[in-house]
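All remarks here apply to the structure that follows.
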Amino acid sequence: MSQALRDEPEKITLAPATVAERFSANTAIWLFIRDPAQLTSKNQAELELICLRSETACLTYVLTQQFMTMLRLRRGQEFETWLSAVEASHIAELGRFAHSLCKDKDAVIAGLTLSYSNGPVEAQVHKLKLVKRSMYGRAKLPLLRQRLLHAA
């Protein structure tokens, strides 16, 4: 026969979550990539707690900040040193990121060094492709040309 369900199930009390257990990966990433000068005192305390709990997290933070400094201050000449430090850290995720950057190393170093940006061009191309895709199969070339010239 089947067993009847209890009228009053046992209540299980869980221990309250500690401060360290409240962090999500997104919170940690946000703290890791931000400029330390822009962090509030609460954010700095959270970051210190993460780094105290894990040596790997602390090393990841240091390497991430080195990369972000290269990016912010355009110090492409430090890229090779950073790659060596990532390789020596044996952190798989950073290693994969560094390996993907090495696939087009010259472009990455140029991006970290030069002040030129093709962002405005990419924005225009994206806008034109968006208009083209919205009209796909609905119009011939003259109408498409007119819409693209009007969008640009």
Side-chain angles (χ1 to χ4, degrees), residues 12-141 143-152:
I12 301 172
T13 57
L14 299 174
T18 63
V19 177
E21 292 171 343
R22 292 185 192 149
F23 289 111
S24 67
N26 288 338
T27 303
I29 290 169
W30 183 84
L31 290 172
F32 278 30
I33 63 172
R34 290 289 303 245
D35 186 1
Q38 295 180 349
L39 293 177
T40 64
S41 58
K42 180 184 174 193
N43 292 140
Q44 289 174 351
E46 291 172 346
L47 183 59
E48 287 175 17
L49 181 63
I50 291 172
C51 290
L52 284 175
R53 292 286 179 138
S54 169
E55 289 182 29
T56 304
C58 187
L59 182 57
T60 303
Y61 174 70
V62 169
L63 291 170
T64 303
Q65 280 300 309
Q66 286 175 357
F67 184 78
M68 294 305 293
T69 301
M70 277 191 301
L71 192 62
R72 288 183 194 111
L73 302 178
R74 303 218 181 269
R75 294 183 181 167
Q77 66 274 13
E78 299 172 5
F79 186 65
E80 290 293 332
T81 308
W82 181 80
L83 283 176
S84 301
V86 167
E87 208 172 287
S89 73
H90 300 293
I91 299 173
E93 293 80 4
L94 281 177
R96 284 194 301 269
F97 175 67
H99 178 71
S100 67
L101 293 178
C102 287
K103 289 181 181 177
D104 200 3
K105 188 186 267 186
D106 292 337
V108 171
I109 292 173
L112 290 172
T113 308
L114 304 174
S115 62
Y116 304 113
S117 172
N118 64 342
V121 174
E122 292 295 329
Q124 289 297 322
V125 169
H126 177 73
K127 187 176 180 182
L128 293 175
K129 285 183 177 181
L130 185 67
V131 170
K132 178 185 170 199
R133 287 184 191 122
S134 69
M135 296 181 61
Y136 183 75
R138 297 182 188 163
K140 300 284 185 209
L141 187 60
L143 180 59
L144 182 61
R145 180 181 301 132
Q146 191 68 16
R147 290 273 317 259
L148 291 176
L149 290 174
H150 180 68

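In terms of heavy atoms, Ala57 sits closest to Cys51 at O-SG, 4.5 Å. Nearest heavy-atom pair, Ser117 versus Pro120, reported as atom, atom and distance to 0.1 Å: O-CD, 4.0 Å.
Atoms CE and CG, on Met68 and Leu73 in that order, are 10.5 Å from each other to the nearest 0.5 Å. Distance check, rounded to the nearest 0.5 Å: CD1 of Ile91 to CG of Leu59 gives 4.0 Å. Taking OG of Ser54 as the start and CG of Leu49 as the end, the distance is 11.0 Å to the nearest 0.5 Å.
Under the ring-ring contact (aromatic ring centres under 6.0 Å, His included) criterion, Phe79 pairs with no residue at all, not counting sequence neighbours. Not counting sequence neighbours, Ser115 has no partner by the side chain to side chain donor-acceptor pair (under 3.5 Å) test. Applying the side-chain contact (heavy atoms from CB on, under 4.5 Å) rule to Thr113 yields the partners Ile109; only residues at least two apart in sequence or on another chain are considered. In this view, Ala98 and Trp82, Leu83, Val86 satisfy the side-chain contact (heavy atoms from CB on, under 4.5 Å) rule, not counting sequence neighbours.
A side-chain hydrogen bond (donor to acceptor under 3.5 Å, both in side chains) check over residues 55-65, counting only residues at least two apart or in different chains, returns nothing. Applying the ring pair (Phe, Tyr, Trp, His ring centres under 6.0 Å) definition to pairs two or more places apart or across chains, those involving residues 84-135 are Phe67-Phe97. Residue pairs meeting the salt bridge (Lys or Arg N to Asp or Glu O under 4.0 Å) criterion with at least one partner in residues 100-118, sequence neighbours excluded, are Glu80-Lys105. Every pair passing side-chain hydrogen bond (donor to acceptor under 3.5 Å, both in side chains) that includes a residue from residues 32-41 is listed here, sequence neighbours excluded: Arg34-Gln38, Thr40-Asn43. A salt bridge (Lys or Arg N to Asp or Glu O under 4.0 Å) check over residues 85-102, counting only residues at least two apart or in different chains, returns nothing.
Leu39 is listed as a side-chain neighbour of Trp30, based on a closest heavy-atom distance under 4.5 Å.
In this structure a side-chain-to-backbone donor-acceptor pair under 3.5 Å is present from Arg74 to Gly111.
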